[in-house]
A.B. asks: 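Take a look at the following structure, please.
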Amino acid sequence: MTGYSSKNDVATANGKQNGSGNQTVENGSKPTAFTPQGNHASSENNIQCSLTSDEFRAVNLMRQDMYPYEVIQEIADFIVKGSGIRPKIGIICGSGLGSLADIIQNPKVFEYEKIPNFPVSTVEGHAGRLVVGTLEGANVMAMQGRFHFYEGYPLAKCSMPVRVMKLCGVEYLFATNAAGGINPKYAVGDIMLMHDHVNMLGFAGNSPLQGPNDPRFGPRFPALVNSYNKDLINKAIEISKTMGIESSVHVGVYSCLGGPTYETIAELKALRMMGVDAVGMSTVHEVITARHCDMKVFAFSLITNKCSTEYSDKKDDEASHDEVMAVAKNRQKTCCELVSRLVAEIQKTA
Ligand SMILES: O=P(O)(O)O[C@H]1O[C@H](CO)[C@@H](O)[C@H]1O
């Protein structure tokens, strides 16, 4: 084999490459070192990284993944007291689907940065606001912006807001996402009601439930069969008929990869062989966390792009976040109608 070389260069955290291993930092502040035990030492050590003290603290905060029950309770109390509402339905808005929160009546809006101990949204199309109010007469709360593993947050932190929802009183989780359609029958703009998932991050040994289990949330070993509530799926199918969109609504299997890269052709082929219909980078950790604390789950994917399993040189065949956002914007009205009608159905039987 020719044409491949490995130079053994040392990559620094600020992206600079330096074959000698000497480290530089952009702003001129002195690099610090840390030990494998996580100690933050300023002396030279066996393992080095070129973070300043402030950067180190920021990264540490981002990676913090232990949220004791009491901290989550405090966040929930802050939201319930601040809004004067105890929500029954929690909605997570997928990429470009923030309008699902805009249809909430009498909204009380909490910016994520103003909520104590809450992470911040870093992805375009995820505004970073919690909206609490009513929809079709039901008390609801919606996350206009979710957290993804690729943003640098551990999975437990990505799905911590689901536990906040639970302690606010939420019984039903509606999780929505933008996803690539692997099933060749799916078209851009279709909706896939999730009836199961393949947890690729779980295959790699990663779970939002990793670490000590607090039985106040749920059991150490939760079962995940029947995670996606069948009654809600059937109600959504009925609603899609009355909306005249049943031919573009499917029931299928979603898989979450870590991202932020979109998939290679070989990965897409492997996923298809595993029975996956749509792929994204979210939702599964939220569903796991919701099922762990016994919430009823309804989830759907808006198919924002087709994932071809054929090799192609055409730029148009590559997934892009711009396309994802544009399709989501186009289909937001339909998604809003589906969600509000399903909320109305739940409210009817309450
Ligand atoms: O799953 P949501 O948040 O809808 O977003 C999807 O869209 C982004 C990629 O375009 C990824 O974040 C992927 O997970």
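Start at 1 and go down the list; that is how both ligands and their atoms are numbered.
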A.B. asks: Against heavy atoms of Y150, which atoms of ligand 1 measure under 4.0 Å?
C.D. replies: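 In order of numbering, the contacting atoms are 11 (C), 12 (O).
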
A.B. asks: Using a 4.0 Å cutoff against the non-hydrogen atoms of H126, which atoms of ligand 1 qualify?
C.D. replies: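 Once the distances to H126 are compared, the set is 3 (O).
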
A.B. asks: Counting from 1, what ligand 1 atoms have a heavy atom of G94 closer than 4.0 Å?
C.D. replies: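 This gives 4 (O) as the contact atoms.
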
A.B. asks: Sort out for me which residue in K329, Q144, Q332 forms a side chain to side chain donor-acceptor pair (under 3.5 Å) with S99.
C.D. replies: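 Result for side chain to side chain donor-acceptor pair (under 3.5 Å) with S99: Q332.
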
A.B. asks: Can you label the angle between the F147 ring and the Y112 ring as parallel, tilted or perpendicular, going by 30° and 60°?
C.D. replies: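 Plane angle between 30° and 60°, so tilted.
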
A.B. asks: Does the side chain of H285 come under 3.5 Å of the side chain of N199 through a donor N or O and an acceptor N or O?
C.D. replies: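 Not at all, the side chains of H285 and N199 share no donor-acceptor pair under 3.5 Å.
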
A.B. asks: For atom 7 (O) of ligand 1, grab the closest protein heavy atom and report residue, atom and distance to one decimal in Å.
C.D. replies: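 Minimum-distance protein heavy atom for atom 7 (O) of ligand 1 reads S95 OG, 3.2 Å.
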
A.B. asks: Out of H321, E286, M281, whose heavy atom sits nearest atom 13 (C) of ligand 1?
C.D. replies: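 Going through H321, E286, M281 one by one, M281 has the nearest heavy atom to atom 13 (C) of ligand 1.
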
A.B. asks: With a 3.5 Å cut-off and no angle check, do the side chains of N226 and K230 form a donor-acceptor pair?
C.D. replies: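 The answer is yes; a qualifying pair exists.
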
A.B. asks: Does a side chain donor of either T283 or N177 reach within less than 3.5 Å of an acceptor in the other side chain?
C.D. replies: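 Short answer, yes.
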
A.B. asks: What protein heavy atom lies closest to atom 3 (O) of ligand 1? Include the residue and the distance to one decimal.
C.D. replies: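 I find the closest protein heavy atom is H148 NE2, 2.7 Å.
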
A.B. asks: Once the angle between the rings of H148 and H126 is folded into 0 to 90°, is it parallel (under 30°), tilted (30 to 60°) or perpendicular (over 60°)?
C.D. replies: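 Ring orientation of H148 relative to H126: perpendicular.
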
A.B. asks: Using heavy atoms and a 4.0 Å limit, tell me yes or no: is M325 in contact with ligand 1?
C.D. replies: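 Contact absent.
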
A.B. asks: Distance alone, cut at 3.5 Å: any donor-acceptor contact between the side chains of D77 and Q73?
C.D. replies: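 Yes - a donor-acceptor pair under 3.5 Å links their side chains.
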
A.B. asks: If we count only N and O atoms by modelled type, under 3.5 Å, do the side chains of S159 and E286 hold a donor and an acceptor together?
C.D. replies: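 Per modelled atom types, S159 and E286 side chains form no pair under 3.5 Å.
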
A.B. asks: Students should be able to answer this: which protein heavy-atom is nearest to atom 1 (O) of ligand 1, and at what distance?
C.D. replies: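 Ranked first by proximity to atom 1 (O) of ligand 1 is S282 OG, 2.5 Å.
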
A.B. asks: Is the shortest N/O to N/O distance between G280 and ligand 1 below 3.5 Å?
C.D. replies: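 G280 vs ligand 1: no N/O contact under 3.5 Å.
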
A.B. asks: As an exercise, identify every atom of ligand 1 less than 4.0 angstrom from a heavy atom of Y262.
C.D. replies: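 Close to Y262: 9 (C), 10 (O).
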
A.B. asks: Only heavy atoms of N177, strictly under 4.0 Å: list the atoms of ligand 1 that pass.
C.D. replies: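 In order of number, 1 (O), 4 (O).
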
